[in-house]
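Read the structure below first, then the notes.
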Amino acid sequence: MSDEFDKKIEAKADTIVDAGSVPSGSAPGIDYVPAHEKPDQELYHSHSWWTTYVFSQDAKYIGIQYAITAIGTGLIGLVLSWMMRLQLAFPGLGILEPSAYYQFITMHGMIMVIYLLTALFLGGFGNLLIPLMCGARDMAFPYLNMVSYWAFLLAVLILLSSFFVPGGPTGAGWTLYPPQAITSGTPGSSAGIVLMLISLCVFVAGFTMGGLNYIITMLQSRARGMTLMRLPLTCWGIFTATVLALLAFPALLVGCIMMTLDNLLGTSFFMPAMISMGEKLSYDGGSPLLFQHLFWFFGHPEVYIIALPAFGIISDLISVHARKNIFGYRMMVWAIVGIGALSFFVWAHHMYVSGMTPWFGYFFATTTLIIAVPTAIKVYNWVLTLWRGNIHLTLPMLFALAFIVTFVNGGLTGIFLGNVTVDVPLSDTYFVVAHFHMVMGIAPILVVFGAIYHWFPLITGRMLHEGIGRIHFWVTFLGSYAIYFPMHYQGFVGVPRRYFEIYDSPYITTSTLHLNVFITIAALIVGAAQLLFLFNLIYSARAGEKAEKNPWKANSLEWLTPEMPPGHGNFGKELPVVYRWAYDFNVPGADKDYIPQTVPPSEVRYAKVEKT
Amino acid sequence: MFPLIVAHIFVLIVIASVAFHFWSPWWWTPVASNWGGMDDTILLTFWVTGVVFIAVCLFMAYCIWRYRYQKDRKAEYKPEDKKLEFHLTWLTTLGVIVMLAPGLVVWHKYVTVPEDALNVEVVAYQWGWKYRLPGEDDILGKTEIKFINDENPFGLNLKDPNGKDDILVDSGDLHLQIDKPVKLLLRSLDVLHNFYVPQFRGKMDMVPGHVTYYWLTPIRTGDFEVLCAEFCGVGHYAMRGRVFVDEEKNYNQWLAQQITFEKMLAQNKIDNKSLKLVKNIE
C-alpha cells in the first residue's frame with residue numbers, strides 16, 4: 001500500500017499542532033462549524049397512550065411498528081416456504097394441491113421481497129436511524145410518516161385477506177405475468193389477483209409518503225456540521241435506495257392499475273387475442289411483454305432497494321466492530337450512488353429469454369456486467385476494512401462476515417445470469433432460485449440480524465443474549481448456505497423452477513431426490529432457529545443484561561443521545577454539532593480508540609485526523 | 001480461541017464448496033445440440049468467479065485470525081488508498097471483459113439463424129405441445145387465433161395457399177433430423193410458455209400475440225424430454241413433451257406418416273368429429 005497517505009497525515013498533523021499553539025479556550029479556527037440554517041423543528045407532543053404508542057408520530061416508534069409488522073408478515077412467508085419445501089421433498093405425503101403450491105410460492109415471494117425486506121429496511125431501519133444518525137429531532141413530516149405506516153399495515157391486511165376469498169390468493173408467481181395471472185388456468189385469477197394488485201397500490205402510496213420523508217429529512221434536517229460526506233454509510237444506503245424506490249415504484253403502480261383494468265373492465269393493455277379453457281376471450285392486441293418491462297423496470301431497482309441499505313448497514317457494522325475506519329469511504333459513497341443509477345439500465349436481463357427482441361441482449365448483458373465493478377469494489381473495501389483492524393467477533397460482526405460470504409457467492413452467480421449466453425440454459429431453473437435467495441434473501445436477512453443485534457441496546461436499553469445469539473447465528477448462516485449452495489447444481493442438471501412435483505425424469509441422469517430432501521431438512525432447521533431468535537428478542541427486551549451507554553463504542557450520533565433509549569425529540573435540549581465523519585477509530589495520537597462525531601478538534605489536539 | 005475457530009469454519013466453507021463442485025454427482029446432462037459454447041462460457045465463468053470467491057473468503061478468514069481483538073493492538077488508520085483502489089478496479093474490469101466478450105460471441109451465434117434452417121413451428125397451449133412443419137413449398141401458412149375452431153385446431157388462414165400442404169403434428173412427439181439446423185418458431189395459444197429441452201440448452205418464451213424463435217442443430221440421436229420452462233398456470237409442471245433426434249432415413253419415415261392441413265380439413269369434415277381444442281390435464 002502507498003506511503004503517500006502517511007505523508008498527508010503528517011502534513012495535516014503539523015497544521016493541527018500549529019493551530020494548537022494558539023492560546024486555548026475558544027478555538028474558532030479549528031472548531032469551525034457552519035451556522036444554524038433554520039430554526040429548531042417544532043415537534044408534535046403526544047398526550048395520550050393512543051397517540052404515543054398507536055397513532056405515534058415519533059419516527060422511532062413508527063420504525064418499530066414497521067419492523068414488527070414486517071417481521072410478523074415475514075413469519076407467514078417463512079411458514080409458506082416450509083410447506084413448499086415439504087411438498088418438494090416428500091411429494092408422497094400429499095401435503096399440497098398444485099394450486100395451493102402455486103399460491104404459496106406467489107405469496108412467499110411477494111411477502112419476502114416487498115412486505116418484509118423493503119418495509120423492514122426502509123420503513124423499519126429508515127425511520128429508526130435516519131433522524132438519529134442525521135442529528136434531527138424527528139422526520140420532516142411526522143404526520144405523513146404516521147400515515148405511511150398505517151397505509152403499509154392496510155396493504156398487508158389486504159394482501160392477507162386474499163387467503164380468505166373464494167378461489168384463494170393469486171397463484172401467478174410473484175412476477176404476476178399476464179395473461180396467466182388473470183386467466184382461469186391460474187389459481188386466484190378472480191378475487192385473489194385483484195386483492196394482490198390493490199394491496200401493491202396501497203403499499204406504493206404508503207411508501208411514497210414515507211420515502212419523501214426519508215429523503216427530505218436527510219437533505220434538510222441534518223445537524224450543524226453534518227455534511228453529506230460525513231453521513232454514516234447506513235444513511236447513504238437508505239437515501240439512495242429511497243430515491244430508487246420513488247423512481248421505480250411508479251412503474252409497478254401503473255402496471256398494477258393497468259392489469260386491474262384488464263381484469264375488471266376488459267381492457268387489453270397486456271392481453272392479446274387468446275384462448276382460455278377452450279374459449280376465445282374478448283381481448284385483442286395487448287402486449288404481455290409490456291407488463292414484463294414495467295415489472296422489471298421496477299423489479300430490478302427493487303433488488304437494490306433492498307441491497308443498498310444492507311450495504312450501508314454492513315459497512316457501519318464492520319467498521320465499528322473492527323475498530324477501524326471504513327476503507328475508501330468516498331469510493332463507497334460513489335459506488336452506492338453509481339450502483340443505484342446503473343440499476344435503472346439493466347432491467348431486461350430478467351427478460352433475455354422472454355421473447356423480446358434478442359438484440360437487446362448485447363446491451364443489457366454489458367450494462368449488467370458493468371454493475372459488477374462498483375459492487376466488487378464494495379466487497380474489496382469491506383474486507384480491506386478488516387485488514388489490520390482489531391476485530392471483535394461480536395454477534396453483529398459475525399453476521400457481517402457471514403453476509404460477505406453469502407453476498408459474494410450470490411453476487412458471483414449473478415454474473416452467470418447477467419451474461420446473456422450463460423443465462424439461456426440456466427434461466428427458469430433452480431440456479432436462478434438459488435442465486436436470488438442467496439443474494440437478496442439470505443445476505444440481506446443476515447444484515448437485518450446483524451443490525452438488530454447491533455441496535456437492540458439502542459431500542460431497549462438491553463443487550464440481546466449472546467449465547468442464544470451464537471446458536472442462532474451458526475444455524476442460520478451454515479444452514480442457509482447448505483440450502484442454497486447445492487441448489488445451484490440442481491439448476492445445472494436442468495430442474496425447472498416453479499414445478500409442483502419433480503418426477504423422476506429420463507433427462508435427469510442423476511436423481512436430485514436426495515438433494516431435495518437434504519435441502520428441505522436444512523430449511524426446516526434454519527426456520528426453527530428463527531423461533532430461538534424471536535424468543536431472544538422477547539426475553540432480552542424484558543430481562544436482558546442492561547446495556548451501558550454506547551455499548552459498542554461507536555462514533556455515530558444515534559449512540560450519543562442524552563438518554564438511551566433516546567427520548568422524545570432524540571437529543572434533549574441542544575441538537576448535536578458535528579465535527580467529523582463517523583469513522584475516526586484508532587486515530588494515531590488520540591487517547592481513546594474512537595472519537596465520536598461530536599468531539600471538536602480542539603479536544604483531540606494531538607490526533608492526526610484526516611480531514612472529512 | 002474463538003477467532004481461530006471462526007477462521008477455520010470460513011476456510012472449511014470454501015473447501016466444502018470446492019469439493020462439492022468437483023465431486024458431487026449433480027452436473028449438466030451431455031449436450032445434444034450445437035450449443036456446447038454455452039457450456040464453455042459457463043466453465044469460463046466458473047473459473048473466474050471461483051478464484052474471486054476463494055480469494056475473498058480466504059483473505060477474510062486470514063484477517064479474522066490475524067487481526068483478532070487484542071487489548072494493546074491499535075488498528076491501522078488509513079481512510080483511503082487510491083493506488084490500491086485503482087488497481088483493484090481495473091483488475092475487476094478485466095475479469096468482467098474476459099467473461100462478457102466470449103459470452104456475447106456465443107449470443108451472436110444464438111440470435112443469427114442460418115439461412116438453410118428448417119422452419120418448425122412449436123405451438124404451446126395449456127398444457128401441451130403440438131407442431132407444424134412446412135410442406136413441399138417450404139413455407140408455413142399464416143395463422144391467427146380467430147381462425148381456431150374444432151376443424152382447424154392450429155388456426156391456419158384458409159385463404160393462404162401456403163398453408164394447405166403444412167404438416168400438422170397434433171399428437172405430441174416431434175422428430176428432428178440430426179445435423180440439420182432448425183429454426184423453432186414459437187407460438188402460444190393462451191399464456192406464456194417456454195420450449196425447453198435441457199440437452200439442447202436453448203430456451204425462449206412463447207408469447208401469445210407474437211412469434212418468437214431460436215435455432216439449434218441437433219448433434220446426437222436420442223429421445224429427449226420437452227419441459228415448459230415459463231410458469232403457465234396450475235398444470236405447468238405436467239406440461240411435458242418428447243423430441244426424437246433421428247438419422248435421415250428414420251426422420252423421413254416419420255415425416256411421411258404425418259398429415260397435411262388439407263387432408264386434415266377434409267377428414268374433419270367427413271368425420272364431423274369434434275376435436276378437442278384444448279386439452280386439459282384433468
Side-chain angles (χ1 to χ4, degrees), chain A residues 1-2 98-99 173 177 179-180 185-186 272-276 278 288 323-325 328 331 353-355 358 361 369 372-373 376 380 383 386-393 408 412 415-416 419-422 424-425 428 489 492-494 496 498-501 505-507 509-510 586-588 610, chain B residues 2-3 6 25-29 38 41-42 45 49 53 56-57 59-60 63 67-69 73-77 79-81 83-85 88 92-93 96 99-100 103-104 106-107 111 126 145 189-192 198 201 203-205 207-210 212 225 227 229 231-234 237 277-278:
Chain A
M1 298 194 194
S2 83
S99 57
Y177 280 178
Q180 49 93 2
T186 301
M274 63 173 280
I275 286 170
S276 178
R323 311 309 296 160
K324 192 180 160 209
N325 61 75
M331 196 73 144
V353 295
S354 70
L369 267 72
V373 177
Y380 301 147
V383 292
L386 297 172
W387 170 256
R388 293 185 179 162
N390 197 12
I391 301 168
H392 291 259
L393 285 176
V408 170
L412 291 172
I415 291 180
F416 285 70
N419 197 350
V420 55
T421 312
V422 180
V424 173
D428 297 308
Y489 291 81
F492 282 121
V493 173
R498 293 173 166 174
Y499 268 35
F500 156 73
E501 251 177 358
S505 171
Y507 80 89
T509 41
T510 316
N586 278 308
V587 179
E610 260 293 277
Chain B
F2 185 56
V6 175
W26 297 289
W27 195 236
W28 55 54
T29 46
M38 291 181 184
T41 325
I42 293 181
T45 315
T49 57
F53 178 70
V56 170
C57 289
F59 181 79
M60 224 172 84
C63 289
Y67 301 107
R68 64 194 177 279
Y69 176 71
R73 191 212 313 277
K74 262 181 105 57
E76 186 190 38
Y77 182 72
E80 273 174 354
D81 185 336
K83 219 159 137 191
L84 180 68
E85 288 174 82
L88 285 172
T92 309
T93 312
V96 162
M99 289 182 286
L100 180 63
L104 290 183
V106 179
W107 177 250
V111 301
Q126 285 174 322
I145 292 283
L189 302 184
D190 37 50
V191 300
L192 305 176
R201 304 292 190 260
K203 217 180 253 156
M204 192 56 73
D205 280 4
V207 185
H210 295 255
T212 58
E225 193 175 31
L227 300 164
F231 181 50
C232 59
V234 77
Y237 67 98
L277 183 57
V278 172

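All heavy atoms count here, side chains included; hydrogens, waters and symmetry mates do not. A, B, ... follow the sequence lines: proteins, then strands. Residue 1 opens every chain.
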Counting heavy-atom pairs under 4.5 Å with chain B, which one of A273(A), G389(A), G355(A), P98(A) comes out on top?
G389(A)
Answer whether the closest heavy-atom distance between the side chains of S276(A) and D190(B) falls below 4.5 Å.
no
Minimum heavy-atom distance between M274(A) and V191(B), given as atom pair plus value
CE-CG1, 4.1 Å
Highest number of heavy-atom pairs under 4.5 Å with chain A: which of T41(B), V56(B), L88(B)?
L88(B)
Identify the heavy atoms of K203(B) and V353(A) that sit nearest to each other, and give their distance.
O-CG1, 3.6 Å
N/O donor-acceptor pair under 3.5 Å between W387(A) side chain and Y67(B) backbone:
no
Y380(A) side, atom OH; E85(B) side, atom CD - distance, nearest 0.5 Å:
12.0 Å
When the 4.5 angstrom heavy-atom criterion is applied to T212(B) and chain A, the contacting part is side chain
How about F492(A) and W26(B): are their ring centres within less than 6.0 Å of each other?
no
Between M60(B), H210(B), R68(B), which residue shows the highest count of heavy-atom pairs closer than 4.5 Å to chain A?
M60(B)
Do Y237(B) and P496(A) come close enough that some side-chain heavy atom pair is under 4.5 Å?
no
Heaviest contributor of heavy-atom pairs below 4.5 Å to chain B, chosen from P272(A), P425(A), S99(A), is P425(A)
Of the listed residues (V424(A), L386(A), V587(A), T186(A)), which shares the most heavy-atom pairs with chain B below a 4.5 Å separation?
V424(A)
Top contributor to chain B contacts, counting heavy-atom pairs under 4.5 Å, from I391(A), D428(A), V373(A)
I391(A)
Report which part of F231(B) has an atom under 4.5 Å of a heavy atom belonging to chain A: side chain, backbone, both, or neither.
both
Compare all side-chain heavy atoms of Y77(B) with those of N325(A) and state whether any distance is below 4.5 angstrom.
yes
Pairs of heavy atoms under 4.5 Å with chain A: top-ranked of P3(B), G209(B), G103(B)
G103(B)
Side-chain heavy-atom pair T421(A), L104(B) within 4.5 angstrom cut-off
no
How close do K324(A) and E76(B) get, counting heavy atoms only, and between which atoms?
CG-O, 3.3 Å
Correct closest heavy-atom pair for S354(A) and V207(B) would be O-CG2, 3.3 Å
Which atoms of V96(B) approach chain A - backbone, side chain, both or neither, heavy atom under 4.5 Å:
both
Rounded to the nearest 0.5 Å, what separates atom CG in L369(A) from atom OG1 in T93(B)?
11.0 Å
I'd like to know which of A372(A), G173(A), P179(A) tops the heavy-atom pair count under 4.5 Å against chain B.
P179(A)
Pairing residues for Y177(A) by the ring pair (Phe, Tyr, Trp, His ring centres under 6.0 Å) criterion, not counting sequence neighbours
none
